[in-house]
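Quantities reported herein were computed from a predicted structural model and do not represent experimental measurements.
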Amino acid sequence: MGRKVFVSYKYSDFLVQDLNIFENTFGGKIKVQTTARHFVDKLSEILEEDDHIFKGEDDNESMESLEDSTIGSKLGDKIFDSSVTIVLISKGMKNPFLTENEQWIPWEISYSLKEQSRQGQRSKTNGVLAVVLPDEIGSYSYYINYDPECNCRMLNTGILFGILKENMFNVKNPNRSVCNGKWIYSGDYSYIDSVKWDDFIENPSKYIDKAIELRDRKEEFELRKNIK
């Protein structure tokens, strides 16, 4: 069954693994610097034929001169009839010199989580999946690490936008224990799950279907839908 997937990502982030991409020019082929945008192209190739992708930030458009209503209209048009939002987590996705309100990804997540009404129809909250891109040395350790003593993975959510961070580890009734002074969660503990790119491309439908399942159980989670 076809799904409409909205992809949120930082267009110009080059702190990602080199995909060895060449482009044709009048002088022959030249190698181009890989950015998060190239992973979106790969994503389009690996999803099922009847899935439809809508892209988020596509051209580094500045938000500085845009009113909230204009931003809402632009995003509403893209997100309204999608069912899943994939957020590409990348090392340079955040601009430290701008607030969350001044960057596209938080707005895209916010509108993905909100319900909208248009022409007598009402959208559902999207399922949201965080797909973590390998960094420039092919590592995920900037965000995902493994703790062998506690037999669990650790997520460095501190690098994320607030609206992403606060929709993780947000199940209302967590199943958790303590190991080495840390809370260890089991089961479905986050509305927005995180998966490595390499794992995702092995079976994308598995993770997209899981995001839809969590959406259908959204009452089990404390959702934050607005940007602070």
Side-chain contact test, heavy atoms from C-beta onward, threshold under 4.5 Å: evaluate it for Lys10 versus Trp104 and give yes or no.
-> no
Apply side chain to side chain contact (heavy atoms under 4.5 Å, CB included) to the pair Lys218 and Leu223, showing each step before the final yes or no.
-> CA-CA 8 Å; Lys218 64 181 182 296; Leu223 293 187; 4.1 Å; yes
Quick one: closest heavy-atom pair of Ser139 and Ser141, and the distance?
-> OG-OG, 2.8 Å
Working to the nearest 0.5 Å, report the span between CG of Leu19 and CG of Leu133.
-> 9.0 Å
Hey, are the side chains of Gln17 and Glu136 touching, using non-hydrogen atoms and a 4.5 Å cut-off?
-> no
So, do Lys31 and Asn20 sit near enough that their side-chain heavy atoms are less than 4.5 Å apart?
-> yes
Fit a plane to each ring of Tyr111 and Trp107, take the angle between them on a 0 to 90° scale, and name the class: parallel (under 30°), tilted (30 to 60°) or perpendicular (over 60°).
-> parallel
Test Leu129 against Thr85 for side chain to side chain contact (heavy atoms under 4.5 Å, CB included), laying out the working first.
-> CA-CA 6 Å; Leu129 175 66; Thr85 295; over 6 Å; no
In short, Tyr191 meets Gly127 closest at the heavy-atom pair OH-CA, 3.8 Å
Taking everything shown except Lys225 itself, do over 12 heavy atoms lie less than 6.0 Å from its NZ?
-> yes
Answer with yes or no after comparing the ring centroid distance for Tyr185 and Phe169 against a 6.0 Å cut-off, counting only values under it.
-> yes
Is Ile137 reachable from Met93 through a run of I, L, V, M, F, W or Y residues, each pair having side-chain heavy atoms under 4.5 Å apart?
-> no
Expected output: side-chain Asn167 to main-chain Ile163 donor-acceptor under 3.5 Å | yes
Using the ring of Phe161 (Phe, Tyr or Trp, six-membered ring only), decide whether Lys94 places NZ or CZ under 6.0 Å from its centre and within 45 degrees of its axis.
-> yes
Hydrophobic cluster identity match, Phe14 and Val7, side-chain contacts under 4.5 Å | no
Leu164 side chain reached by Val87 side chain, heavy atoms, under 4.5 Å | yes
Could you tell me whether the side chains of Asn170 and Tyr189 share a donor-acceptor contact shorter than 3.5 Å?
-> no
Can you find a side-chain donor-acceptor pair between Asn226 and Ser110 that sits under 3.5 Å?
-> no
Could you tell me which non-hydrogen atom of Ser83 sits nearest to which non-hydrogen atom of Arg215, and how far apart they are?
-> CB-NH1, 3.6 Å
Might you confirm whether atom NZ of Lys165 has over 12 heavy atoms from other residues, nucleotides or ligands at distances under 6.0 Å?
-> no
Is the number of heavy atoms from other residues, nucleotides or ligands within 6.0 Å of CD (Glu149) greater than 12?
-> no
Taking Asp13 for the side chain and Gly92 for the main chain, is one N or O donor matched with an acceptor at less than 3.5 Å?
-> yes
Could I get the full list of salt bridge (Lys or Arg N to Asp or Glu O under 4.0 Å) partners for Lys228, not counting sequence neighbours?
-> Glu166
Can Leu15 be reached from Ile159 by stepping across I, L, V, M, F, W or Y side chains whose heavy atoms are under 4.5 Å apart?
-> no
Rounded to the nearest 0.5 Å, what's the gap from OG on Ser12 to CD on Gln33? Could you check?
-> 10.0 Å
With the side chain counted from C-beta on, respond yes when Tyr143 and Thr157 share a heavy-atom pair under 4.5 Å apart, and no when they do not.
-> yes
Exactly one of Asp193, Val128, Ile192 clears side chain to side chain contact (heavy atoms under 4.5 Å, CB included) with Met168, and that residue is Ile192
Measure across Ser82 and Phe6 and return the closest heavy-atom pair with its distance rounded to 0.1 Å.
-> OG-CB, 4.1 Å
Full working for side chain to side chain contact (heavy atoms under 4.5 Å, CB included) between Val40 and Tyr11 | CA-CA 9 Å; Val40 180; Tyr11 182 91; over 6 Å; no
Which value, rounded to the nearest 0.5 Å, describes the distance between Asn156 atom CG and Ser194 atom OG?
-> 11.0 Å
Would you call Ser90 and Tyr9 a side-chain contact if the rule is heavy atoms closer than 4.5 Å?
-> no
Does NZ in Lys206 sit with more than 12 non-hydrogen atoms of other residues, nucleotides or ligands closer than 6.0 Å?
-> no
Side chains of Val132 and Phe200: closer than 4.5 Å at any heavy-atom pair?
-> no
Are the two sulfur (SG) atoms of Cys150 and Cys179 closer than 2.5 Å?
-> yes
If two hydrophobic side chains count as joined below 4.5 Å and joins carry through other members, does Ile144 share a cluster with Ile184?
-> no
Please identify each residue that fulfils salt bridge (Lys or Arg N to Asp or Glu O under 4.0 Å) with Arg217, with sequence neighbours left out.
-> Asp188, Glu213, Glu220
Linking I/L/V/M/F/W/Y whenever their side-chain heavy atoms sit closer than 4.5 Å, directly or via other members, would Val16 and Ile21 fall into one cluster?
-> yes
The single option from Thr35, Asp41, Thr34 passing side chain to side chain donor-acceptor pair (under 3.5 Å) against Arg37 | Asp41
Regarding Tyr140 and Asp198, is there a side-chain donor-to-acceptor distance under 3.5 Å anywhere?
-> yes
Contacts of type salt bridge (Lys or Arg N to Asp or Glu O under 4.0 Å), residue Asp209, not counting sequence neighbours = Arg3
Decide yes or no for Ile89 and Leu160: does some side-chain heavy atom of the first lie under 4.5 Å from some side-chain heavy atom of the second?
-> yes
Roughly how far apart are Asn126 CG and Ser8 OG, rounded to 0.5 Å?
-> 11.5 Å
So OG of Ser190 and CZ of Phe221: to nearest 0.5 Å the spacing works out to 7.5 Å
Interatomic distance, CD@Glu222 vs NZ@Lys172, rounded to 0.5 Å, equals 5.0 Å
